[in-house]
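The block underneath contains the structure these notes are about, expressed in C-alpha cells.
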Amino acid sequence: MSRGSVTVRVARWSATHPWRAIGFWLMLVVVAVGLMVAIPTQKTKADDTWIGQSGTASELIRDAGLENKPGETVLLTDPDGALDKAAATTALKQLQQKMTGIDAVAEVGQPVWAANGKAALLPISLKGNADDAADNVDKLLAATSEVQKANPSLTIEQAGSASLNKGVWKQVSSDLARAEKISLPLTFGLMLLAFGALIAAGIPVLLAFSAVGAALGFYAPLSYAFPDGGSVANVVLLIGMAVGVDYSLFYLKREREERRRGHGTVDAVEIAAATSGHSVVVSGLAVIVSMAGLYVAQDPVFSSMATATIVVVAVAVLGSLTVLPALLVKLGHRVDRPRVPLLWRLNRRIGPGGISRRILAPVLRFPKVALVISAVAVVALAVPALGMKTEPGGLSTLPQSIPEVKTMQALQQNFPSQGMSFDIVAQGNDAATGLAKLQTAAVASKGFVVAPASEIRQAGETAVLTLVSVKPDTSDNARAALDQLRDGLVPQAITTAKWAVGGEAAAQVDYGQHQREQLPYVIAFVLILTLVMMAFTFRSLAIALVTTLLNLASVAACFGVLSLVFQHTWAEGLLDFTSPGFVVSWIPVFLFVILVGLSMDYHVFVLGRIREGVRDGLTPQEAVRKGITESAGVVTSAAAVMVSVFAVFASLGMIEMKQMGVGLAVAVLIDATLVRIVMLPSIMVLLGRKAWWPNKLSAAQPVPSTDRELVTV
C-alpha cells in the first residue's frame, strides 16, 4: 500500500487537519440524528410480507373486498376455577359500554360462553385494516384495563393480532434496552483489558456507539424503500458495536505498535492507515458484500436488515479512517492515559501474542497433525447440522412472560374455534358450491371447525371460507393442517374453480418454506462474491479457496451447535428457554451472511500480517508465526468483544434473539480460536509459497525504515 493510497491520503488529511475531521464527524452524527427525528422510520405493512400460495389467497381476498375486519377478543376467566356467570355478565356489560364508545371500534359482538363453564369472551371488530388496528389497539387495552380494575375477582385480558404484536414489540424493546445497558459497559471493560488505559479503551466504544446512532438516522429515509420489518434496531446495535469496536481496535493497536517502534504520531498514523486501515476497508467491503446476500432472499425483513447493516458498516469504516486518526494525533501519547496500573503492567508483561505463541508452536511443528485434529473437531461440531430442523416462529416460540401470549393460549384452550385459522378462497362460477362441499368434508374429518359467526363470504366470482384447526397452535400442527387442506380436502372439494389456502398460519408455513428454498441461492451468492473479492485483494486463488473453506467450516460448526442447543432440552435451564424443537427459519440465512462477513474482519487482518512477513523475506513458517503472533492480541480482543456482545443477546427473552446470539457467539469463538489459530496456520505452512499462487509474492526491496511498512498491507 503506497503513500498515494486512499486510506493513507484520508488519514494524512485527518491527521493534519484534526479539528476539521472531528468537526466533520460530529456534523455527520448530528445530521443523522436530525434525519431520525424529522423523518419517521417506515414499517413493513401486511401486504409487504405476502408470499407463496398464502400471499395469493390474501391478494384475491383483498381484490374482492372480502377481508375479515381486524378484531380483538376480551377473555374473562376466574382464577379460582368455574366462572361466576353473574359477575362475568356485569363485567361484559361494562366492556360493551366502553368498547362501543371508542371511535376505532366498528362493532361489539355478543358474549360467547365456553362449553366448559370456565370462560367467556367478547368479540370486537375494528375499523380499517390491520395497520389501522395496530395504531388504535391502545384505546381498547386501556378500556379492558379499566374494567379489570372494576372487577378484581375476575381475570379480564385482551387478545388479538394487534394486541399480541404490541406485546411482542414491547418485549423486543425491553430486550434491546437491556442489551444496550449490558453491552456498552461490557465492551468498555474488554477494551480496558486490551489497552490498560481509560482513553484508549473509551475511543473504540465511543466511535462504535456514535456509528450506531448515525446509521439509524441515515436508515430513516432509506426505510421508505426498505421498510423496517421490526429488527433493524437490534441488528444495527448487534453488528454496529461489533464491527465499530473492531475497526477502531485494529487501527489503534497498529498506531500504538508503530509509536513503540519509535515513529512519530503522524508517521504512526500513516503506517496504521496503510496497513490496518486498508484491512479495515477490505473487511468492511466484505461485510457489505455478505450482507448484500440478504437481498437475494427476496424478503422485505431481510432487505431492511441488509440495508441498515450496510449503512452501519460504511459509517464505522468512515469513522475509523477520519475521526480516529484525528483523535490519535490530537491526543498523541496521552491516548495511553490515565493508565490502570494492574492492567497496564499485565498487558506489558504478557506482550503481543503471548498466549497464542504457546498454542501456535506445536501447530507449526506438526501442521498435518494439527490440521487433522482441528478438522475432526469442526466436523464433530458440524454433524448435528445434518439434522437441523427449521420452522417459522409462532405462538409456541414466544416468551411466556408476555401477558398477551398467555391470554391467547388460554383463549384457544377454552375456545377451540379461536385456534389456528385458514382462509380458503375460490374464484370461479361455482366457487361457493365448492366451498360448501369443503366445509362439510372438513368438519366431518374432525380436524377442523368453522370459525364463529363465519359464513361463506362471496363477492362476484370470489368466495371465502374460514376454517379453524382443532389442534394447538404449533408449527408442526400448522404444517400438518395446511398439508391436509392443500393436498387433500380442498382439491377434492373444489374441482373447477381456482383456489388458494391462506391465513396467518398458512403464511408462517409458506414463509419458512421460502427461507429454506432461498438459502442455497444466498450461500452461492455470498461465497462466489467473497471468493472473487479475496482473490482480487490478495491476488491469490489459493487464498480465496482457503478462505471459502474456512468460512464454511465455521458456519457448519455454528449450525451444528444451534441444533444441539435448541432442538433438545438439555440447555433450557442454562439459557432460560423452552425448546421449540427447531431453529427459527430465518436464523440460518441471517447467520450465514453475518458470519461470513464478520469472520473476514480478522481473517483479512491476519493474512495481511502474514503477507508482510513473506514480503520481508521470511520463510512461510516464520511468516505465519510472525503474522499470527503480531495480530493475536488484536484478534483476541476483537473476538472477545464480538462474543461478549453476542452472548448478551443469548440472554434475552425472545427465542430468535437467543438463537442469533448463541449462533454468532459460538461461531466467532470457534472461528477466532480453532479455525484461525490452528487450521489457518497449519494450512498456510503446508501450502508454503503455493498459498499465494498464482502470485509469486517476491520479497520487497529494502526501503528507508520510516516508509518500510507503507509498501505492504
Side-chain angles (χ1 to χ4, degrees), residues 69-127 132-175 177-178 395-419 451-453 468 472-473 576 578 653-654:
K69 291 182 179 179
E72 289 286 306
T73 302
V74 180
L75 177 69
L76 285 76
T77 56
D78 191 323
D80 296 328
L83 186 64
D84 185 335
K85 196 164 186 176
T89 300
T90 300
L92 286 167
K93 289 180 180 179
Q94 294 173 1
L95 282 167
Q96 287 176 313
Q97 182 180 6
K98 287 187 175 294
M99 295 298 180
T100 303
I102 298 175
D103 293 339
V105 173
E107 181 183 1
V108 178
Q110 293 301 312
V112 179
W113 300 88
N116 59 15
K118 296 181 179 180
L121 67 80
L122 183 68
I124 303 165
S125 296
L126 303 178
K127 296 177 182 178
D132 298 323
D135 296 334
N136 295 316
V137 70
D138 283 339
K139 300 174 184 178
L140 279 74
L141 290 169
T144 301
S145 178
E146 290 177 10
V147 176
Q148 170 66 87
K149 291 179 181 178
N151 299 270
S153 63
L154 299 175
T155 299
I156 304 174
E157 300 165 314
Q158 185 174 319
S161 296
S163 56
L164 180 61
N165 286 337
K166 181 177 178 61
V168 170
W169 289 118
K170 183 178 179 181
Q171 177 71 46
V172 170
S173 299
S174 174
D175 282 352
R178 181 185 175 194
L395 192 64
S396 61
T397 63
L398 292 173
Q400 297 300 302
S401 58
I402 300 177
E404 291 79 3
V405 172
K406 291 183 178 179
T407 303
M408 188 69 77
Q409 291 173 336
L411 181 65
Q412 294 179 357
Q413 183 179 1
N414 287 286
F415 298 91
S417 61
Q418 297 289 326
V468 179
D473 185 355
D576 189 24
T578 300
M654 299 293 291

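All values derive from a computational prediction rather than experimental measurement. Heavy atoms only: backbone and side chains are in, while hydrogens, waters and symmetry mates are out.
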Considering all heavy atoms, the nearest [X]-[Y] contact:
X	Y	value
Ala162	Glu72	N-OE2, 3.2 Å
Phe415	Leu75	CE1-CD1, 3.9 Å
Lys69	Ala106	NZ-CB, 4.1 Å
Pro79	Ser153	CD-O, 3.6 Å

Distance in Å, [X] [atom1] paired with [Y] [atom2], rounded so as to fall on 0.5 Å steps:
X	Y	atom1	atom2	value
Ile124	Met99	CD1	CE	4.0 Å
Leu92	Ile156	CG	CD1	8.0 Å
Leu398	Glu404	CG	CD	10.5 Å
Lys127	Ile102	NZ	CD1	11.0 Å
Leu76	Leu122	CG	CG	8.0 Å
Ser401	Asp576	OG	CG	8.5 Å

Please name all residues satisfying side chain to side chain contact (heavy atoms under 4.5 Å, CB included) with Ser161, sequence neighbours left out, ordered by chain then number.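 Side chain to side chain contact (heavy atoms under 4.5 Å, CB included) list for Ser161, sorted by chain: Glu504.
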Under the side chain to side chain contact (heavy atoms under 4.5 Å, CB included) test, which residues partner Ala87, sequence neighbours left out?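 Checked Ala87 against side chain to side chain contact (heavy atoms under 4.5 Å, CB included); matches are Asp84, Leu154.
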With sequence neighbours left out, which residue pairs that include part of residues 107-123 fulfil the side chain to side chain donor-acceptor pair (under 3.5 Å) condition?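 The answer is Asn116-Asn414.
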CD (Gln97) with more than 12 external heavy atoms under 6.0 Å: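 Counting other residues, nucleotides and ligands, CD of Gln97 stays at 12 neighbours or fewer.
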Met654 vs Thr397, side chain to side chain contact (heavy atoms under 4.5 Å, CB included): CA-CA, chis, key distance, verdict: CA-CA 8 Å; Met654 299 293 291; Thr397 63; over 6 Å; no
Report all side-chain donor-acceptor pairs from residues 137-147 shorter than 3.5 Å, counting only partners two or more places apart or in another chain.
unit_1 : atom_1 : unit_2 : atom_2 : d
Asp138 : OD1    : Lys166 : NZ     : 2.8
Thr144 : OG1    : Leu140 : O      : 3.0
Thr144 : OG1    : Gln158 : OE1    : 2.8
Glu146 : OE1    : Lys98  : NZ     : 2.8

4.5 Å side-chain heavy-atom contact, [X] and [Y]:
X	Y	answer
Pro472	Gln412	no
Thr578	Gln400	no
Lys406	Ile402	no
Leu126	Asn136	no

Do the side chain of Glu157 and the main chain of Val74 share a donor and acceptor less than 3.5 angstrom apart?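 The answer is no, because no donor-acceptor pair under 3.5 Å joins these two groups.
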When you measure from the side chain of Asp175 to the backbone N and O of Gly653, does any donor-acceptor pair fall under 3.5 Å?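 Confirmed, Asp175 side chain pairs with Gly653 backbone.
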What residues form a side-chain hydrogen bond (donor to acceptor under 3.5 Å, both in side chains) with Asp78, not counting sequence neighbours?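 Expected list: none.
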Among residues two or more places apart or on two chains, list those pairs meeting salt bridge (charged side-chain N to carboxylate O under 4.0 Å, His left out) that have a residue in residues 85-94.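 Output for this query is empty, none listed.
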Show your working on side chain to side chain contact (heavy atoms under 4.5 Å, CB included) between Asn151 and Gln94 and close with a plain yes or no. CA-CA 10 Å; Asn151 299 270; Gln94 294 173 1; 2.8 Å; yes
